[in-house]
Amino acid sequence: MCCNGIIVLLAIIVSFCAIVYLVYQGYSFIKCGCGKYGPFVSSYGKIKDDILDEARAILKKSKKKMRITDLGCGSGALLLPLAKEFPEHEFVGLEWDIVPLTMGKIKARGLKNITFVQGDYMKTNHSDMDLIMCYVLKVTGDPLGKKLAKEIKKDCIVISEMFPLGHLEEIKQIESSIYGIKEKIFVYKKPEEKKKVSQNGNKKVENKHQKVESKTKKAPSKAKSKK
């Protein structure tokens, strides 16, 4: 009876947790604009390790203090290990959902180089960041990429987990996986501005032609005056 009672109690607890989780996911889905932003799903598995390795390589090469952000940071699965390993750099977690954000703040107690901010990454300016990490949905990839292409600094690096971003210049793709399922990591930089040398050159040529034409038009009048 005792064992049966424990089993029943565990089943009730598991069922209750499952119901709470489903209610929370439903709330998150509605709160984020019915799928406009992703619900809280923590980075895990090999893909998490590969992203951290890529970020570490960038941070180790830097000779200056860097500002690093995770757009949709959740509870800080990516930021916290890096903040502990690189105390000389500054880390900012941006998350719209207060639940994982609070979890992140609790985990980050004692770390002075990391800050968690509640906000919408599509309404936040990222021009002061040196390294940006993100784990967004496919529907968000193109508008976020367009926003970052305009805002970020020339030497800023963007690392996207699983989902490609539009408008940015791709540096490389990293083959990875989540528990055996193949996935990719996309690394980007700010796209180079299109040079307008040819257009300016054409304008200059046009101006020269205009000057030549004006001189040829004035020439006959000078000839008449000499007569």
Side-chain angles (χ1 to χ4, degrees), residues 10 13-14 16-33 36-60 62 65-126 128-137 140 144 148 156-163 174 176-179 181 183 185-187:
L10 288 173
I13 293 173
V14 170
F16 176 76
C17 291
I19 293 171
V20 171
Y21 178 76
L22 289 173
V23 171
Y24 166 71
Q25 288 294 328
Y27 159 79
S28 296
F29 182 76
I30 296 171
K31 186 73 176 179
C32 71
K36 184 178 180 181
Y37 300 109
F40 170 48
V41 178
S42 182
S43 297
Y44 58 92
K46 186 177 183 297
I47 197 167
K48 175 185 175 182
D49 295 333
D50 289 340
I51 291 173
L52 290 175
D53 287 342
E54 183 67 20
R56 285 189 185 101
I58 295 170
L59 295 175
K60 286 178 180 178
S62 178
K65 181 179 179 179
M66 296 182 70
R67 281 176 59 81
I68 302 95
T69 188
D70 184 2
L71 309 182
C73 66
S75 60
L78 296 178
L79 288 183
L80 286 169
L82 295 174
K84 292 175 182 177
E85 190 174 343
F86 298 94
E88 69 274 21
H89 296 302
E90 185 179 352
F91 298 84
V92 180
L94 190 63
E95 173 63 47
W96 70 268
D97 193 339
I98 191 63
V99 175
L101 193 73
T102 303
M103 293 168 60
K105 289 181 178 180
I106 294 171
K107 292 178 182 179
R109 284 180 179 176
L111 291 174
K112 297 181 180 180
N113 63 331
I114 184 169
T115 305
F116 286 90
V117 180
Q118 185 178 14
D120 183 345
Y121 55 71
M122 289 301 295
K123 296 178 181 178
T124 305
N125 189 289
H126 311 293
D128 61 338
M129 294 298 168
D130 300 292
L131 175 61
I132 296 174
M133 298 181 291
C134 60
Y135 182 16
V136 298
L137 297 176
T140 319
L144 177 60
L148 294 178
C156 179
I157 300 297
V158 180
I159 304 174
S160 178
E161 180 177 345
M162 288 178 59
F163 299 103
I174 301 171
S176 188
S177 63
I178 300 178
Y179 296 138
I181 301 173
E183 294 292 352
I185 298 168
F186 302 88
V187 185

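Here the structure is a predicted model, which is why all the values come from computation and not from measurement.
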**Asked** Do M133 and E161 have side chains that get closer than 4.5 Å, going by heavy atoms?
**Response** no

**Request:** Please tell me if the side chains of V136 and Y121 come closer than 4.5 Å, counting only heavy atoms from C-beta onward.
**Result:** yes

**Request:** State, yes or no, whether a side-chain contact exists between M66 and I58 at a heavy-atom distance under 4.5 Å.
**Result:** yes

**Message:** Within this structure, what is the CG-OG1 distance for the pair L71 and T124, rounded to the nearest 0.5 Å?
**Reply:** 8.5 Å

**Asked** Do I68 and L59 come close enough that some side-chain heavy atom pair is under 4.5 Å?
**Response** yes

**Prompt:** Say you draw a straight line from CG of L148 to CD1 of I132; how long is it, rounded to the nearest 0.5 Å?
**Reply:** 5.0 Å

**Over all atoms of both residues, closest heavy-atom pair of V92 and T69** = O-OG1, 2.8 Å

**Prompt:** Hey, is the main chain of F86 close enough, under 3.5 Å, to the side chain of N113 for a donor-acceptor pair?
**Reply:** yes

**Prompt:** Do E54 and I185 come close enough that some side-chain heavy atom pair is under 4.5 Å?
**Reply:** no

**Item:** Pairwise distance CZ(R67) to CG(L131) - rounded to 0.5 angstrom
**Value:** 12.0 Å

**Request:** Could you tell me which residues satisfy salt bridge (charged side-chain N to carboxylate O under 4.0 Å, His left out) with D130, sequence neighbours excluded, listed by chain and number?
**Result:** K64, K153

**Request:** May I ask you to decide if W96's main-chain N or O and Q118's side chain share a donor-acceptor pair within less than 3.5 Å?
**Result:** yes

**Prompt:** Who passes side chain to side chain donor-acceptor pair (under 3.5 Å) against D50, sequence neighbours left out?
**Reply:** K46, S176

**Prompt:** If you round to the nearest 0.5 Å, how far is CD1 of I178 from CD1 of I47?
**Reply:** 4.5 Å

**Asked** side-chain contact (heavy atoms from CB on, under 4.5 Å) with I181: which residues, sequence neighbours excluded?
**Response** E183

**Prompt:** Do F186 and F163 have side-chain heavy atoms sitting under 4.5 Å apart?
**Reply:** no

**Request:** Give every residue pair that meets the salt bridge (charged side-chain N to carboxylate O under 4.0 Å, His left out) criterion with at least one member in residues 98-109, sequence neighbours excluded.
**Result:** none

**Request:** Hey, could you give me each pair passing side-chain hydrogen bond (donor to acceptor under 3.5 Å, both in side chains) that has a residue in residues 77-89? Not counting sequence neighbours.
**Result:** R56-E85

**Asked** Atom CG of D97 and atom SG of C73: how far apart are they, to the nearest 0.5 Å?
**Response** 10.0 Å

**Asked** What are the two closest non-hydrogen atoms of S75 and M103, and how far apart are they?
**Response** CB-CB, 3.9 Å

**Request:** Output all residues satisfying side-chain contact (heavy atoms from CB on, under 4.5 Å) with A108, sequence neighbours left out; order by chain, then residue number.
**Result:** L80, I114, F116

**Separation between CG of L94 and SG of C134, rounded to the nearest 0.5 Å** = 11.5 Å

